[in-house]
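Below, chains carry the letters A, B, ... as their sequence lines are ordered, and counting in each starts from 1.
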Protein chains: 2
Amino acid sequence: MARAGVTVERLTLAAAELADEVGVENVTVAALARQFGVKDASLYFHLKNAHELRVRIALLALAELADRVAAALAGRAGKDALVAFANAYRDYAREHPGRYAAMQIDLDPETAAASAGVRHAEMTRAILRGYRLSEPDQTDAVRMMHSTFHGFVSLEKTGGFRHTPRPTDDSWSRTLDALDAVLTNWPSR
Amino acid sequence: MARAGVTVERLTLAAAELADEVGVENVTVAALARQFGVKDASLYFHLKNAHELRVRIALLALAELADRVAAALAGRAGKDALVAFANAYRDYAREHPGRYAAMQIDLDPETAAASAGVRHAEMTRAILRGYRLSEPDQTDAVRMMHSTFHGFVSLEKTGGFRHTPRPTDDSWSRTLDALDAVLTNWPSR
DNA sequence: GGTAGTAGCCTAGCCACCCTAGGCAAACCA
DNA sequence: TGGTTTGCCTAGGGTGGCTAGGCTACTACC
């Protein structure tokens, strides 16, 4: 009875890659077991259930994305930082559609608080330092930024922009221009 | 052998309601069959497969939402219309989370072209008439608007805004103010 | 008003996936 | 060297998706 050397880390990584190839909804315990040359029941020694697998993919993705964003942000400020953040975000989502989709699942509060999600929040606020916004405008602006990024990437992926010929890259960069414009001139109450 | 009176329309409606209660991912042919007091195999007489069910929910939702938006837009223009559109969108998403989630599935091009999705596109462009934008700015603005709405609603639902105490309603109305501001003063190249 | 055809349901059965219980052997550790 | 833990196994039950083939109630037409 040779041991296959399965660990939670290896499982998570394989699951993430599988998600990018076939979609999160098709990441199955059985498929992973096959990949590791192991019976599916054996994976429950490492995993509580199938849901844990998706959560782990999500946490991995959050951490990876936070690293990328941090790297992109280094030494930049103002609109430069905004664009770098946005592009890092969008590029990651396009390179890793399955991981990105996994990121959208509902984490329970404790898990979310312990995740790399807090780093995202911090970095987003850091960008806004270049725009001199005070609370509560800052919170509203963070939420609007995040909404725009996620919404655009999400609609782009599900084909929501397909009916118009205009290249999405162009709309993306113009959207960032617009975002920079509102942040610079945030409307007062 | 009494007949249960199953039709595709009744199935779709029941599926949509089920989706709002338990989530689209839990809308199953078996569960629907139970609701109709019928064996699951019988539903394949009315349905090609489980995927068709979700597509039908999506098309129903698109049509319902288009109706709501059209009603909200009647007699309004400018920022008034923008806010009415946005609120109709967000309210629908919150009242019908399952239907809204179903709307995000990837429709194949022909189905999408024949859906109420085109009405949405037309209505969004109609709003922009109040802002005097010409192509290709108009397309970019439509995409940004849609991104913002979808992104906000989506993040709000999955709890992406939970870590900050500020009421999401407030951020929402400020986001609409900001959107109105950029549309009014769309940055030139 | 009988009868052919079809629409609507059924049973049986297959496959994939999720997950639990209980067993056995390899690796580790004293 | 023997005990404990770790990592895998088999067996088996539950749910869901879907196909094939059969029976019955309704419909339409002569």
K.L.:
Is there a donor-acceptor pair under 3.5 Å between the side chain of A:S115 and the backbone N or O of A:A112?
P.N.:
yes
K.L.:
Starting at CZ of B:R10 and ending at P of C:dG8, how long is that distance when rounded to a whole Å?
P.N.:
12 Å
K.L.:
Without placing hydrogens or testing angles, list every side-chain donor-acceptor pair under 3.5 Å for residues 84-93 of chain B, not counting sequence neighbours.
P.N.:
unit_1	atom_1	unit_2	atom_2	d
B:N87	OD1	B:W172	NE1	2.8
B:N87	ND2	B:V83	O	3.3
B:Y89	OH	B:Y100	OH	2.8
B:R90	NE	B:E156	OE1	3.0
B:R90	NH1	B:D169	OD1	3.4
B:R90	NH2	B:E156	OE2	2.8
B:R90	NH2	B:D169	OD1	2.8
B:Y92	OH	B:E64	OE1	2.5

K.L.:
Can a side-chain donor-acceptor contact be found between B:T139 and A:R166 if the only test is distance below 3.5 angstrom?
P.N.:
no
K.L.:
Show every salt bridge (charged side-chain N to carboxylate O under 4.0 Å, His left out) that has at least one partner inside residues 69-79 of chain A, sequence neighbours left out.
P.N.:
A:R76-A:D80, A:K79-A:D177
K.L.:
Rounding to an integer number of Å, can you tell me how far A:L47 CG sits from D:dG7 C1'?
P.N.:
14 Å
K.L.:
Between D:dA11, D:dG17, D:dC8, which nucleotide gets closest to the side-chain atoms of B:Y44?
P.N.:
D:dG17
K.L.:
Distance-only, no hydrogens or angles: does the A:Q138 side chain make a donor-acceptor pair with backbone N or O of A:S134 under 3.5 Å?
P.N.:
no
K.L.:
Which nucleotide wins on minimum distance to the side chain of A:R54, given the candidates D:dT10, C:dC18, D:dG17?
P.N.:
C:dC18
K.L.:
To the nearest Å, give me how far apart CG (B:L11) and C1' (C:dC9) are.
P.N.:
13 Å
K.L.:
Within a reach of under 6.0 Å around CZ of A:R94, are more than 12 heavy atoms found that belong to other residues, nucleotides or ligands?
P.N.:
yes
K.L.:
Residues in side-chain contact (heavy atoms from CB on, under 4.5 Å) with A:D20, at least two apart?
P.N.:
A:H96, A:P97, A:R99
K.L.:
Between D:dG16 atom P and B:K39 atom NZ, what is the distance in whole Å?
P.N.:
13 Å
K.L.:
Measuring to OP1 and OP2 of C:dC10, would you say a side-chain N or O of B:S42 lies under 4.0 angstrom away?
P.N.:
yes
K.L.:
What's the spacing between A:L133 CG and A:R125 CZ if we round to 0.5 Å?
P.N.:
10.5 Å
K.L.:
Where do B:F36 and B:L11 come nearest, in terms of heavy atoms and distance?
P.N.:
CE1-CD2, 3.8 Å
K.L.:
Does the side chain of A:H46 get closer than 4.0 angstrom to OP1 or OP2 of D:dT6 through an N or O atom?
P.N.:
no
K.L.:
Between C1' on D:dC18 and NE2 on B:H51, what's the gap in Å once rounded to a whole number?
P.N.:
16 Å
K.L.:
Could you tell me whether the side chains of B:N49 and B:Y44 share a donor-acceptor contact shorter than 3.5 Å?
P.N.:
no
K.L.:
Can you tell me how far OG1 of B:T148 sits from CZ of A:F149, rounded to the nearest 0.5 angstrom?
P.N.:
10.5 Å
K.L.:
For the pair made of CD in B:E52 and P in D:dC18, what is the distance, rounded to whole Å?
P.N.:
10 Å
K.L.:
For the atom pair NE2 (B:H146) and CG (A:L155), what is the distance rounded to the nearest 0.5 Å?
P.N.:
5.0 Å
K.L.:
Roughly what angle, to 10°, lies between the helix axis at the start of the helix from C:dG1-D:dC30 to C:dA30-D:dT1 and the one at its end, five pairs per end?
P.N.:
0°
K.L.:
Under 3.5 Å, which N/O atoms of the protein pair with N/O atoms of nucleotides 4-7 of chain C?
P.N.:
unit_1	atom_1	unit_2	atom_2	d
C:dA7	N3	B:R3	NH2	3.3

K.L.:
Which whole-number value in Å describes the distance from A:N49 CG to C:dC17 C1'?
P.N.:
13 Å
K.L.:
As a test of reading the structure: which of C:dC19, D:dG17, C:dC9 is closest to the side chain of A:D40, going by heavy atoms?
P.N.:
C:dC19
K.L.:
Specify the residues of residues 20-36 of chain A, ordered by number, for which at least one heavy atom lies under 4.0 angstrom from an atom of DNA chain C.
P.N.:
A:T28, A:V29, A:A30, A:R34
